[in-house]
Amino acid sequence: MPSYEDDTRKVQTAVTGRPGSDQPVFLPFDHDDFDGFMRGRSRDDFYCGILLGGCGKQLTAKRYLHKKCHFAHRPPVHCRRTQTGEDSADHLYIGQALQRWLHRQGHEKVNVSYLDLGSGPGGAVEVRFGSGARLVRVQMGRMSLNQWEAIRAQFVDEDVCAQWAYGPNSGLAHNGVQTEGHAIRFTCRTEGGTRKVYVGTQHPDHSVELTTLDECHLTDDGIITPHMTGEPLIDITTDAGADTTAQLAFPIVPGRLAFTASVPAEEQTVTGRRLYHADVQPLGSVMTRIRIALPLHAVPPSPHRLNVIESTSHLIPQTDSSAAKPSWLIEAVGFSSLPVRSDPRWPALRPAPEPPAPSVTVTGTHVRAALVERFRKELEAVALSHSLIDWETLVGTTGMAPSDITPADRVRLLIEVDHPRADGKPVLSSLVGPTGDDSGPPSFFTDILRGLGRPHDLRPIELGRLRKVEQARVFAFYQEGDSRT
């Protein structure tokens, strides 16, 4: 067989059916394989596909004995297609393979898009399913870290459960490993006169283990390969309705374990820690209901928030004295609350619903005026001390309980705290909310901005930055005022 390494001038891939088709074909190099490829096809079946970055014109399959068989344009030729090699249609092969695989997984409505990120179609492959609320995105082309983070945040804002995967030329897989503990890679190889799709699992040591899509399965977390680590050790032979808590075991990795819907356990404390029951889900695993032990000094976790364990923790086997059955206890050092109610990394976790609004409202004009004045004075004192205050503490300074004020009245009162509005005036009520350095803005901060006529239609990360800016402006404003007096 002749060597084809030096012949890179010709078109090796095309699409069939029509110019806009996403059905790719690869023309084998060798003349013997060419005959098998053409069996059942005519020379008019091939197009320089638009989704390949091509001109859409017909191509002719050329058979040669001593050089690479290839597709050729029919004159006159005015095509600016830049990628013509054997890997130039890999984005179409990957998109079609994912579509067939998802159909086999039981999903009927599967839509594939080939995104142009500036260098032609195929910079990314997005496969949406589940009424569009879920997708697999294969990042084929290069992308900056800032763009990657912005798109991930956009998916979270849109409540889209997105599984990221990466092509052979995407350097973002290393960032995916840092974020998720592993990364899914896609690559294609020439086998049997076509391009065969392989799925790789990239590990923290940069090794990549390959398999085929047929060996993978789909969960709420996305594509699960046979080589993924950290999956729960669950006896799959148990009945669907059986309690799997006793068989559960998984590594505790900071930033990869989330919990919500936490409630104090019956036995309140043990060995200097406070106990909670919570819905827990590790990345790439299933959700289960187990106990969490937190330090006594830790702020109690809200059942209405999604919380991530960020510090080194331990999974400890326990024994239920009443049933003599093993269970599990997570002994956590600390956690942080996410500013959003859902996260595609933990799709099964849903925070407990907010309690119903109390029936009592602040309707009296004199009562409202007194509360606003009290809140303003307290927040001015907080500003002078360069600190923050949570809503419960702020309400407590008035002698009322948080349950005495509805969420709607809370927003109205805090808006009135910042009246009269003036250009350049900092938002004093930005000091109200979670007090941790890494805590996001409270849910009502957007409503306050809206009521003050300020920009409010922002992504969570932008909202958090705006709140930090406003807090700094408040501190500077009251520090200057204090120095003048």
Side-chain angles (χ1 to χ4, degrees), residues 2-31 33-34 37-38 41-64 66-99 111-127 137-144 147 165-172 185-198:
S3 172
Y4 306 114
E5 295 298 324
D6 298 330
D7 190 352
T8 59
R9 299 167 297 170
K10 306 303 180 183
V11 179
Q12 214 62 49
T13 60
V15 299
T16 60
R18 57 187 178 84
S21 168
D22 61 352
Q23 301 296 320
V25 288
F26 164 74
L27 186 60
F29 301 147
D30 188 71
H31 56 86
D33 294 329
F34 177 96
F37 171 81
M38 288 300 298
R41 292 189 170 106
S42 76
R43 294 181 182 268
D44 295 328
D45 285 345
F46 313 112
Y47 295 85
C48 184
I50 295 172
L51 291 177
L52 299 176
C55 59
K57 301 295 181 62
Q58 281 190 312
L59 297 173
T60 300
K62 297 285 189 176
R63 183 181 187 273
Y64 296 95
H66 302 293
K67 62 179 181 179
K68 180 191 298 184
C69 300
H70 62 264
F71 292 111
H73 284 85
R74 301 177 183 182
V77 180
H78 301 287
C79 183
R80 297 185 179 181
R81 179 177 168 186
T82 58
Q83 303 296 322
T84 59
E86 61 182 304
D87 62 347
S88 58
D90 283 359
H91 57 291
L92 300 185
Y93 279 105
I94 291 170
Q96 292 302 302
L98 280 169
Q99 186 177 50
N111 297 310
V112 186
S113 301
Y114 304 95
L115 307 184
D116 187 343
L117 303 181
S119 58
V125 180
E126 279 195 359
V127 186
R137 179 182 172 115
V138 185
Q139 186 64 38
M140 300 291 290
R142 295 188 177 276
M143 171 183 286
S144 71
Q147 290 176 306
Y166 307 91
N169 298 319
S170 175
L172 289 169
R185 304 292 299 261
F186 276 85
T187 190
C188 298
R189 295 179 176 179
T190 300
E191 295 180 11
T194 188
R195 296 285 287 174
K196 187 171 182 179
V197 176
Y198 284 91

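Owing to the predicted nature of the structure, the values given are computational and were not obtained by experimental measurement.
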- Item | Side-chain donor-acceptor pair present, D44, Q58, cut-off under 3.5 Å | no

- Message: Can you tell me if Q83 has over 12 outside heavy atoms packed within less than 6.0 Å of its CD?
- Response: no

- Query: In this structure, which one of L115, V138, V125, D22 forms a side-chain contact (heavy atoms from CB on, under 4.5 Å) with H91?
  - Reply: V125

- Close aromatic pair by centroid cut-off 6.0 Å: F71 and F46: yes

- Query: Parallel, tilted or perpendicular for F34 and F37, by the 30°/60° rule?
  - Reply: tilted

- Task: Examine H70 together with Y64 and report whether their ring centres are nearer than 6.0 Å.
- Result: yes

- Between R195 and T13: side-chain donor-acceptor atoms closer than 3.5 Å: no

- Query: Any side-chain heavy-atom pair from L117 and Q139 closer than 4.5 angstrom?
  - Reply: yes

- Task: List for me each residue that meets side-chain hydrogen bond (donor to acceptor under 3.5 Å, both in side chains) alongside D45, sequence neighbours excluded, and say none if there are none.
- Result: S42

- Keeping the roles fixed (side chain from Q23, backbone from G17), state whether a donor-acceptor pair exists under 3.5 Å. no

- NZ of K57 to NE2 of H78: how many Å apart, nearest 0.5 Å? 7.0 Å

- Evaluate the criterion side chain to side chain contact (heavy atoms under 4.5 Å, CB included) for residue pair C55 and H73; output intermediate values, then yes/no. CA-CA 10 Å; C55 59; H73 284 85; 3.6 Å; yes

- In terms of side-chain geometry, is the basic nitrogen of D30 or R63 positioned less than 4.0 Å from the acidic oxygen of its partner? no

- Task: Determine whether more than 12 heavy atoms belonging to other residues, nucleotides or ligands lie under 6.0 Å from atom CZ of R80.
- Result: no

